[in-house]
Amino acid sequence: MQKELSVIAGPSSPNLAAKIAQDLRAELIPVDVRIFTDSESRIKMGDVKKKNCVIVQSTYPPADRHLLQTLMMIKKCKDDLAADICTVIPYMAYARQDRVFQDGEVISIELIAKLLETAGNKRLITIDIHSSLALSYFRIDVQNISSIPLLANHAANNIKLNRTVVVSPDAGGIERAYEFAKILGSDTIALKKWRDRNSGEIFFDDKLECNIAHRDVVLVDDIISSGGSIVKACQILKKNKADKIYAMCVHALLVEDAAEKIRAAGVQEIISTNSIPSRYAKVDISPIISACLRS
Ligand code: R5P
(Lines give C-alpha, C1' and ligand atoms only; values in the text may rest on other atoms or scores of the structure.)
Protein backbone atom coordinates (compact mmCIF):
# COMPACT_ATOMS: atom_id res chain seq x y z
CA MET A 1 0.00 0.00 0.00
CA GLN A 2 1.26 3.50 -0.94
CA LYS A 3 1.95 5.47 2.24
CA GLU A 4 1.38 9.21 2.52
CA LEU A 5 4.44 11.29 1.59
CA SER A 6 5.47 14.12 3.88
CA VAL A 7 8.16 16.64 3.01
CA ILE A 8 9.77 18.07 6.11
CA ALA A 9 11.03 21.62 5.63
CA GLY A 10 14.38 21.63 7.43
CA PRO A 11 15.35 25.03 8.90
CA SER A 12 18.16 25.49 6.34
CA SER A 13 16.07 24.72 3.24
CA PRO A 14 12.40 25.74 3.68
CA ASN A 15 12.00 27.13 0.14
CA LEU A 16 13.55 24.13 -1.57
CA ALA A 17 11.39 21.80 0.55
CA ALA A 18 8.26 23.77 -0.42
CA LYS A 19 9.09 23.47 -4.14
CA ILE A 20 9.66 19.72 -3.81
CA ALA A 21 6.41 19.26 -1.87
CA GLN A 22 4.56 21.23 -4.53
CA ASP A 23 6.14 19.18 -7.36
CA LEU A 24 5.17 15.94 -5.65
CA ARG A 25 1.79 17.22 -4.38
CA ALA A 26 2.96 16.11 -0.97
CA GLU A 27 2.15 17.41 2.46
CA LEU A 28 4.69 20.03 3.66
CA ILE A 29 5.60 19.77 7.32
CA PRO A 30 7.09 22.98 8.75
CA VAL A 31 9.78 22.78 11.39
CA ASP A 32 9.88 25.31 14.16
CA VAL A 33 13.42 26.02 15.29
CA ARG A 34 14.61 27.95 18.27
CA ILE A 35 18.25 28.81 18.87
CA PHE A 36 18.99 29.18 22.57
CA THR A 37 21.44 31.78 23.86
CA ASP A 38 24.08 29.06 24.28
CA SER A 39 23.71 28.36 20.52
CA GLU A 40 21.92 25.01 20.90
CA SER A 41 18.97 24.28 18.59
CA ARG A 42 15.55 23.06 19.63
CA ILE A 43 13.30 21.78 16.90
CA LYS A 44 9.55 21.15 16.95
CA MET A 45 7.51 19.52 14.19
CA GLY A 46 4.20 17.71 13.68
CA ASP A 47 3.56 13.99 14.04
CA VAL A 48 4.72 11.83 11.08
CA LYS A 49 3.52 8.44 12.28
CA LYS A 50 3.45 5.84 9.48
CA LYS A 51 4.33 8.44 6.86
CA ASN A 52 7.03 8.28 4.22
CA CYS A 53 9.21 11.15 5.35
CA VAL A 54 11.52 13.24 3.19
CA ILE A 55 13.64 15.62 5.24
CA VAL A 56 15.11 18.49 3.19
CA GLN A 57 18.07 20.14 4.87
CA SER A 58 21.24 21.43 3.23
CA THR A 59 24.24 21.48 5.56
CA TYR A 60 25.89 24.75 4.59
CA PRO A 61 27.35 27.00 7.33
CA PRO A 62 26.75 26.89 10.21
CA ALA A 63 27.40 23.32 9.10
CA ASP A 64 27.57 21.70 12.54
CA ARG A 65 24.27 23.28 13.55
CA HIS A 66 22.56 22.24 10.33
CA LEU A 67 23.93 18.71 10.67
CA LEU A 68 22.73 18.38 14.24
CA GLN A 69 19.29 19.70 13.26
CA THR A 70 19.22 17.03 10.52
CA LEU A 71 19.93 14.33 13.10
CA MET A 72 17.19 15.76 15.35
CA MET A 73 14.63 15.62 12.53
CA ILE A 74 15.63 12.03 11.70
CA LYS A 75 15.25 11.10 15.38
CA LYS A 76 11.81 12.70 15.51
CA CYS A 77 10.71 10.68 12.45
CA LYS A 78 12.13 7.51 13.98
CA ASP A 79 10.49 8.15 17.35
CA ASP A 80 7.15 8.74 15.57
CA LEU A 81 7.55 5.34 13.84
CA ALA A 82 7.61 6.88 10.35
CA ALA A 83 7.24 4.29 7.58
CA ASP A 84 10.37 5.52 5.79
CA ILE A 85 12.99 8.20 6.35
CA CYS A 86 14.76 9.74 3.38
CA THR A 87 17.02 12.73 3.83
CA VAL A 88 17.72 15.22 1.06
CA ILE A 89 21.02 16.96 1.83
CA PRO A 90 21.82 18.95 -1.32
CA TYR A 91 25.09 20.32 0.04
CA MET A 92 26.83 17.65 2.06
CA ALA A 93 29.13 19.29 4.60
CA TYR A 94 32.46 17.67 5.45
CA ALA A 95 32.64 15.76 2.13
CA ARG A 96 35.95 17.48 1.38
CA GLN A 97 37.51 15.72 4.40
CA ASP A 98 37.19 12.36 2.65
CA ARG A 99 40.65 11.06 3.57
CA VAL A 100 43.55 11.60 5.94
CA PHE A 101 45.60 14.32 4.22
CA GLN A 102 47.93 14.74 7.19
CA ASP A 103 48.68 12.40 10.10
CA GLY A 104 46.26 12.85 12.97
CA GLU A 105 43.29 13.97 10.90
CA VAL A 106 39.85 12.34 11.11
CA ILE A 107 37.87 11.29 8.02
CA SER A 108 34.95 13.53 8.94
CA ILE A 109 32.57 12.41 6.20
CA GLU A 110 32.90 8.79 7.38
CA LEU A 111 31.65 9.90 10.81
CA ILE A 112 28.80 11.94 9.28
CA ALA A 113 27.74 8.91 7.23
CA LYS A 114 27.66 6.77 10.40
CA LEU A 115 25.75 9.39 12.39
CA LEU A 116 23.02 9.74 9.74
CA GLU A 117 22.62 5.99 9.55
CA THR A 118 22.67 5.44 13.30
CA ALA A 119 20.05 8.14 13.85
CA GLY A 120 17.69 6.13 11.63
CA ASN A 121 18.10 7.57 8.16
CA LYS A 122 17.26 4.94 5.56
CA ARG A 123 18.20 6.69 2.31
CA LEU A 124 19.93 9.83 1.19
CA ILE A 125 19.71 12.10 -1.81
CA THR A 126 22.54 14.55 -2.34
CA ILE A 127 23.67 16.80 -5.17
CA ASP A 128 27.18 16.61 -6.63
CA ILE A 129 28.91 15.36 -3.51
CA HIS A 130 32.55 16.43 -3.53
CA SER A 131 34.04 13.04 -4.40
CA SER A 132 33.17 9.42 -5.06
CA LEU A 133 35.42 8.57 -2.12
CA ALA A 134 33.14 10.63 0.16
CA LEU A 135 30.20 8.67 -1.21
CA SER A 136 31.90 5.36 -0.49
CA TYR A 137 31.53 5.74 3.29
CA PHE A 138 27.72 5.51 3.16
CA ARG A 139 26.19 2.07 3.67
CA ILE A 140 22.60 3.20 3.22
CA ASP A 141 21.07 3.77 -0.21
CA VAL A 142 22.49 7.03 -1.62
CA GLN A 143 21.52 8.84 -4.81
CA ASN A 144 24.13 11.41 -5.81
CA ILE A 145 22.49 13.52 -8.52
CA SER A 146 24.42 15.69 -10.95
CA SER A 147 23.16 19.24 -11.37
CA ILE A 148 25.72 19.92 -14.10
CA PRO A 149 23.20 19.51 -16.98
CA LEU A 150 20.97 22.15 -15.32
CA LEU A 151 23.91 24.54 -14.88
CA ALA A 152 25.15 23.97 -18.44
CA ASN A 153 21.69 24.51 -19.90
CA HIS A 154 21.37 27.70 -17.89
CA ALA A 155 24.67 28.91 -19.40
CA ALA A 156 23.58 27.88 -22.90
CA ASN A 157 20.25 29.72 -22.61
CA ASN A 158 21.21 32.81 -20.62
CA ILE A 159 24.81 33.78 -21.35
CA LYS A 160 26.08 35.06 -24.67
CA LEU A 161 29.31 33.13 -25.00
CA ASN A 162 32.00 33.40 -27.65
CA ARG A 163 34.33 30.48 -28.54
CA THR A 164 33.82 29.09 -25.04
CA VAL A 165 36.34 27.10 -23.06
CA VAL A 166 35.04 25.28 -19.99
CA VAL A 167 37.72 25.32 -17.30
CA SER A 168 37.96 23.19 -14.18
CA PRO A 169 40.10 24.91 -11.52
CA ASP A 170 41.68 21.54 -10.69
CA ALA A 171 42.28 18.08 -12.13
CA GLY A 172 39.74 16.54 -9.72
CA GLY A 173 36.91 18.45 -11.40
CA ILE A 174 37.68 17.52 -15.00
CA GLU A 175 34.81 15.00 -15.38
CA ARG A 176 32.37 17.68 -14.21
CA ALA A 177 33.84 20.13 -16.73
CA TYR A 178 33.58 17.55 -19.53
CA GLU A 179 29.93 16.91 -18.69
CA PHE A 180 29.29 20.67 -18.79
CA ALA A 181 31.27 21.25 -22.01
CA LYS A 182 29.51 18.40 -23.81
CA ILE A 183 26.22 20.29 -23.46
CA LEU A 184 27.77 23.55 -24.69
CA GLY A 185 29.77 21.76 -27.41
CA SER A 186 32.94 23.50 -26.26
CA ASP A 187 36.54 22.72 -25.34
CA THR A 188 37.58 21.74 -21.82
CA ILE A 189 40.75 22.15 -19.83
CA ALA A 190 41.74 21.64 -16.20
CA LEU A 191 44.15 23.96 -14.46
CA LYS A 192 46.99 22.45 -12.47
CA LYS A 193 46.34 23.38 -8.85
CA TRP A 194 48.01 22.19 -5.68
CA ARG A 195 47.66 23.08 -2.03
CA ASP A 196 50.21 23.48 0.75
CA ARG A 197 48.51 21.33 3.39
CA ASN A 198 50.16 23.23 6.27
CA SER A 199 49.31 26.79 5.27
CA GLY A 200 46.24 25.92 3.17
CA GLU A 201 47.64 28.16 0.41
CA ILE A 202 46.88 27.16 -3.17
CA PHE A 203 49.13 27.45 -6.19
CA PHE A 204 48.49 27.20 -9.93
CA ASP A 205 50.70 26.39 -12.88
CA ASP A 206 50.29 29.31 -15.28
CA LYS A 207 50.87 27.25 -18.44
CA LEU A 208 47.68 26.01 -20.09
CA GLU A 209 47.06 23.04 -22.36
CA CYS A 210 45.30 25.15 -24.99
CA ASN A 211 45.25 28.70 -26.27
CA ILE A 212 42.41 30.60 -24.59
CA ALA A 213 43.30 34.06 -25.93
CA HIS A 214 40.21 36.16 -26.77
CA ARG A 215 37.89 33.31 -25.81
CA ASP A 216 35.15 33.33 -23.15
CA VAL A 217 35.70 31.06 -20.17
CA VAL A 218 33.21 29.30 -17.92
CA LEU A 219 34.92 28.20 -14.72
CA VAL A 220 33.03 25.21 -13.34
CA ASP A 221 33.53 23.95 -9.79
CA ASP A 222 31.50 21.93 -7.31
CA ILE A 223 32.08 24.35 -4.42
CA ILE A 224 33.09 27.98 -4.13
CA SER A 225 33.98 28.60 -0.51
CA SER A 226 36.57 31.30 0.22
CA GLY A 227 36.72 32.09 -3.48
CA GLY A 228 40.51 31.62 -3.40
CA SER A 229 40.53 28.98 -6.16
CA ILE A 230 38.41 31.09 -8.51
CA VAL A 231 40.37 34.30 -7.83
CA LYS A 232 43.73 32.61 -8.53
CA ALA A 233 42.32 30.76 -11.53
CA CYS A 234 41.15 34.14 -12.90
CA GLN A 235 44.65 35.55 -12.60
CA ILE A 236 46.01 32.66 -14.71
CA LEU A 237 43.19 32.97 -17.25
CA LYS A 238 43.68 36.74 -17.58
CA LYS A 239 47.43 36.23 -17.98
CA ASN A 240 46.58 33.89 -20.86
CA LYS A 241 44.36 36.64 -22.34
CA ALA A 242 40.94 35.10 -21.70
CA ASP A 243 38.06 37.40 -22.64
CA LYS A 244 34.95 37.19 -20.39
CA ILE A 245 35.05 34.86 -17.38
CA TYR A 246 31.98 33.37 -15.68
CA ALA A 247 32.10 31.34 -12.46
CA MET A 248 29.52 28.59 -12.13
CA CYS A 249 29.26 26.17 -9.25
CA VAL A 250 26.87 23.76 -7.62
CA HIS A 251 27.32 24.89 -4.03
CA ALA A 252 28.02 28.59 -3.46
CA LEU A 253 29.20 28.75 0.13
CA LEU A 254 30.80 32.14 -0.62
CA VAL A 255 32.08 32.69 2.90
CA GLU A 256 32.68 36.24 4.09
CA ASP A 257 33.55 38.55 1.17
CA ALA A 258 34.27 35.76 -1.35
CA ALA A 259 31.77 37.11 -3.90
CA GLU A 260 33.32 40.60 -3.84
CA LYS A 261 36.81 39.14 -4.26
CA ILE A 262 35.63 37.08 -7.23
CA ARG A 263 33.99 40.07 -8.89
CA ALA A 264 37.13 42.15 -8.23
CA ALA A 265 39.20 39.43 -9.93
CA GLY A 266 37.26 40.08 -13.13
CA VAL A 267 34.45 37.52 -13.08
CA GLN A 268 31.38 38.79 -14.98
CA GLU A 269 28.85 36.75 -13.06
CA ILE A 270 28.66 34.09 -10.35
CA ILE A 271 25.94 31.50 -10.88
CA SER A 272 25.06 28.58 -8.63
CA THR A 273 22.24 26.18 -7.88
CA ASN A 274 19.86 26.78 -4.99
CA SER A 275 21.43 23.96 -2.94
CA ILE A 276 22.43 26.94 -0.78
CA PRO A 277 20.11 29.94 -0.81
CA SER A 278 21.77 33.16 -1.99
CA ARG A 279 21.39 35.89 -4.60
CA TYR A 280 23.60 33.78 -6.91
CA ALA A 281 21.28 30.73 -6.75
CA LYS A 282 19.80 31.02 -10.23
CA VAL A 283 19.49 27.32 -11.06
CA ASP A 284 16.69 25.42 -9.36
CA ILE A 285 17.52 21.83 -8.39
CA SER A 286 14.04 20.94 -7.09
CA PRO A 287 12.99 19.24 -10.40
CA ILE A 288 15.87 16.74 -10.28
CA ILE A 289 15.25 15.99 -6.61
CA SER A 290 11.51 15.52 -7.18
CA ALA A 291 12.19 13.26 -10.17
CA CYS A 292 14.52 11.15 -8.06
CA LEU A 293 11.95 10.90 -5.26
CA ARG A 294 9.23 9.96 -7.76
CA SER A 295 11.28 7.13 -9.17
C1 R5P B 1 38.27 21.62 -4.08
O2 R5P B 1 38.71 20.49 -4.34
C3 R5P B 1 36.90 22.03 -4.46
O4 R5P B 1 36.47 21.39 -5.63
C5 R5P B 1 36.80 23.54 -4.63
O6 R5P B 1 37.65 23.94 -5.69
C7 R5P B 1 37.23 24.25 -3.38
O8 R5P B 1 36.57 23.70 -2.29
C9 R5P B 1 36.92 25.73 -3.47
O10 R5P B 1 37.30 26.33 -2.27
P11 R5P B 1 37.74 27.85 -2.23
O12 R5P B 1 36.64 28.66 -2.84
O13 R5P B 1 37.93 28.12 -0.77
O14 R5P B 1 39.03 27.98 -2.99
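Note that the structure is a prediction, hence the values are computed from the model and not measured.
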Legend entry - Non-hydrogen side-chain atoms of Ile212 and Cys210 separated by less than 4.5 Å: yes

Legend entry - Any Met248 side-chain heavy atom under 4.5 Å of Phe180 side chain: yes

Legend entry - Any donor-acceptor pair under 3.5 Å from Asn274 side chain to Ile276 backbone: no

Legend entry - Passing candidate, side-chain contact (heavy atoms from CB on, under 4.5 Å) with His251, options Ile129, Ile224, Ile127: Ile127

Legend entry - Path from Val56 to Leu124 over hydrophobic side-chain contacts below 4.5 Å: no

Inset, instruction - Take atom CZ of Arg197 as the centre, draw a 6.0 Å sphere, and report whether it contains more than 12 heavy atoms from other residues, nucleotides or ligands. - result: yes

Legend entry - Cluster link Ile271 to Ile262, ILVMFWY, side chain under 4.5 Å: no

Inset, instruction - Report, as yes or no, whether the 6.0 Å neighbourhood of atom NZ on Lys78 holds more than 12 heavy atoms from other residues, nucleotides or ligands. - result: no

Inset, instruction - Check the pair Leu16, Ile289 against side chain to side chain contact (heavy atoms under 4.5 Å, CB included), reporting the backbone distance first and the verdict last. - result: CA-CA 10 Å; Leu16 187 60; Ile289 296 171; 4.3 Å; yes

Legend entry - Sub-4.5 Å side-chain heavy-atom contact between Asp80 and Lys51: no

Inset, instruction - Could you walk me through whether Tyr137 and Leu111 pass side chain to side chain contact (heavy atoms under 4.5 Å, CB included), step by step? - result: CA-CA 9 Å; Tyr137 296 109; Leu111 172 66; over 6 Å; no

Legend entry - Under 3.5 Å: donor-acceptor pair, side chain of Arg195, backbone of Ile202: no

Inset, instruction - Report, as yes or no, whether the 6.0 Å neighbourhood of atom CG on Asp38 holds more than 12 heavy atoms from other residues, nucleotides or ligands. - result: yes

Inset, instruction - Looking only at non-hydrogen atoms, find the nearest pair between Thr59 and Ala93 and report the distance. - result: OG1-N, 2.9 Å

Inset, instruction - Treating Ile, Leu, Val, Met, Phe, Trp and Tyr as nodes and any side-chain heavy-atom pair under 4.5 angstrom as an edge, say whether Ile20 and Ile145 lie in one connected cluster. - result: yes

Inset, instruction - Please test Asn162 against Asp216 for side chain to side chain donor-acceptor pair (under 3.5 Å), starting from the C-alpha separation and ending with a verdict. - result: CA-CA 5 Å; Asn162 174 38; Asp216 289 342; 5.1 Å; no

Inset, instruction - Taking the side chain as every heavy atom from C-beta outward, state whether Lys193 and Lys232 have any pair of such atoms under 4.5 Å apart. - result: no

Inset, instruction - Can you measure from NE2 (His130) to CG (Asp98) and round to the nearest 0.5 angstrom? - result: 5.5 Å

Inset, instruction - Kindly indicate whether the side chain of Asn240, heavy atoms from C-beta on, has any atom under 4.5 Å from the side chain of Ile236. - result: yes

Inset, instruction - Could you tell me whether the side chain of Asn121 and the main chain of Leu116 form a donor-acceptor pair under 3.5 Å? - result: no

Inset, instruction - Indicate the atoms forming the closest heavy-atom contact of Thr126 with Pro90, along with that distance. - result: OG1-O, 3.5 Å

Inset, instruction - Spell out, as yes or no, whether a donor-acceptor pair under 3.5 Å connects the side chain of Ser147 to the backbone of Leu150. - result: no

Legend entry - Thr87 (side chain) donor-acceptor with Ile89 (main chain) under 3.5 angstrom: no

Inset, instruction - Side-chain contact test, heavy atoms from C-beta onward, threshold under 4.5 Å: evaluate it for Val220 versus Glu179 and give yes or no. - result: no

Inset, instruction - For Ser58 and Tyr91, indicate whether the former's side chain and the latter's backbone hold a donor-acceptor pair under 3.5 Å. - result: yes

Legend entry - Shared hydrophobic cluster, Val165 / Val218 (ILVMFWY, side-chain heavy atoms < 4.5 Å): no

Legend entry - Closest non-hydrogen atom pair between Ala181 and Asp187, with its separation: CB-O, 4.1 Å

Legend entry - Check: Ser225 and Arg96 side chains under 4.5 Å, non-hydrogen atoms: yes

Legend entry - Taking every non-hydrogen atom, the tightest pair across Val267 and Ala247: CG1-N, 3.7 Å

Legend entry - Shortest non-hydrogen contact between Leu254 and Ala259, atoms and distance: CD2-N, 4.0 Å

Inset, instruction - For residues 254-267, pull every pair meeting salt bridge (Lys or Arg N to Asp or Glu O under 4.0 Å), keeping only residues two or more places apart or in separate chains. - result: Asp257-Lys261

Inset, instruction - Taking all non-hydrogen atoms of both residues into account, name the closest pair between Ala152 and Leu184 and its distance. - result: O-CD2, 3.7 Å

Inset, instruction - Please test Ser168 against Asp170 for side chain to side chain contact (heavy atoms under 4.5 Å, CB included), starting from the C-alpha separation and ending with a verdict. - result: CA-CA 5 Å; Ser168 168; Asp170 53 48; 4.0 Å; yes

Inset, instruction - Nearest 0.5 Å please: distance from the NZ atom of Lys114 over to the CZ atom of Phe138. - result: 11.5 Å

Legend entry - NZ on Lys241 to CG on Leu208, rounded to 0.5 Å: 12.0 Å

Legend entry - side chain to side chain contact (heavy atoms under 4.5 Å, CB included) evaluation trace for Ser136 with Leu133: CA-CA 5 Å; Ser136 71; Leu133 182 59; 3.7 Å; yes

Legend entry - Gln97 (side chain) donor-acceptor with Arg99 (main chain) under 3.5 angstrom: yes

Legend entry - Joint cluster assignment, Trp194 & Leu237, ILVMFWY side-chain distance < 4.5 Å: no

Inset, instruction - Quick one: pull up NZ in Lys282 and CD1 in Ile270 and give me the separation to the nearest 0.5 Å. - result: 8.5 Å

Legend entry - Whether Arg215 side chain and Arg163 backbone form a donor-acceptor pair below 3.5 Å: yes

Tell me which donor-acceptor pairs under 3.5 Å the side chains of residues 62-72 have, and how far apart each pair is, sequence neighbours excluded?
{"residue": "Asp64", "atom": "OD1", "partner": "Tyr94", "partner atom": "OH", "Å": "2.4"}
{"residue": "Arg65", "atom": "NH2", "partner": "Ser39", "partner atom": "O", "Å": "3.3"}
{"residue": "His66", "atom": "ND1", "partner": "Tyr60", "partner atom": "O", "Å": "2.7"}
{"residue": "Gln69", "atom": "OE1", "partner": "Gln57", "partner atom": "NE2", "Å": "3.1"}
{"residue": "Gln69", "atom": "NE2", "partner": "Ser41", "partner atom": "OG", "Å": "3.0"}
{"residue": "Thr70", "atom": "OG1", "partner": "His66", "partner atom": "O", "Å": "2.6"}

Legend entry - Contacts of type salt bridge (Lys or Arg N to Asp or Glu O under 4.0 Å), residue Asp222, not counting sequence neighbours: Arg176

Inset, instruction - For the residue pair Ile285 and Val250, establish whether any side-chain heavy-atom pair is separated by less than 4.5 Å. - result: no

Legend entry - Residues, nucleotides or ligands: over 12 heavy atoms within 6.0 Å of Arg25 CZ: no

Inset, instruction - Calculate, to the nearest 0.5 Å, the distance between atoms SG and CD1 belonging to Cys77 and Ile85 respectively. - result: 5.0 Å

Inset, instruction - Run the salt-bridge test on Asp23 and Lys19 with the 4.0 Å N-O cut-off and return the result as yes or no. - result: no

Inset, instruction - To the nearest 0.5 Å, tell me how far Glu269 CD sits from Tyr246 OH. - result: 7.0 Å

Legend entry - Residue Glu105 excluded, over 12 heavy atoms near CD under 6.0 Å: yes

Inset, instruction - Take atom NZ of Lys238 as the centre, draw a 6.0 Å sphere, and report whether it contains more than 12 heavy atoms from other residues, nucleotides or ligands. - result: yes

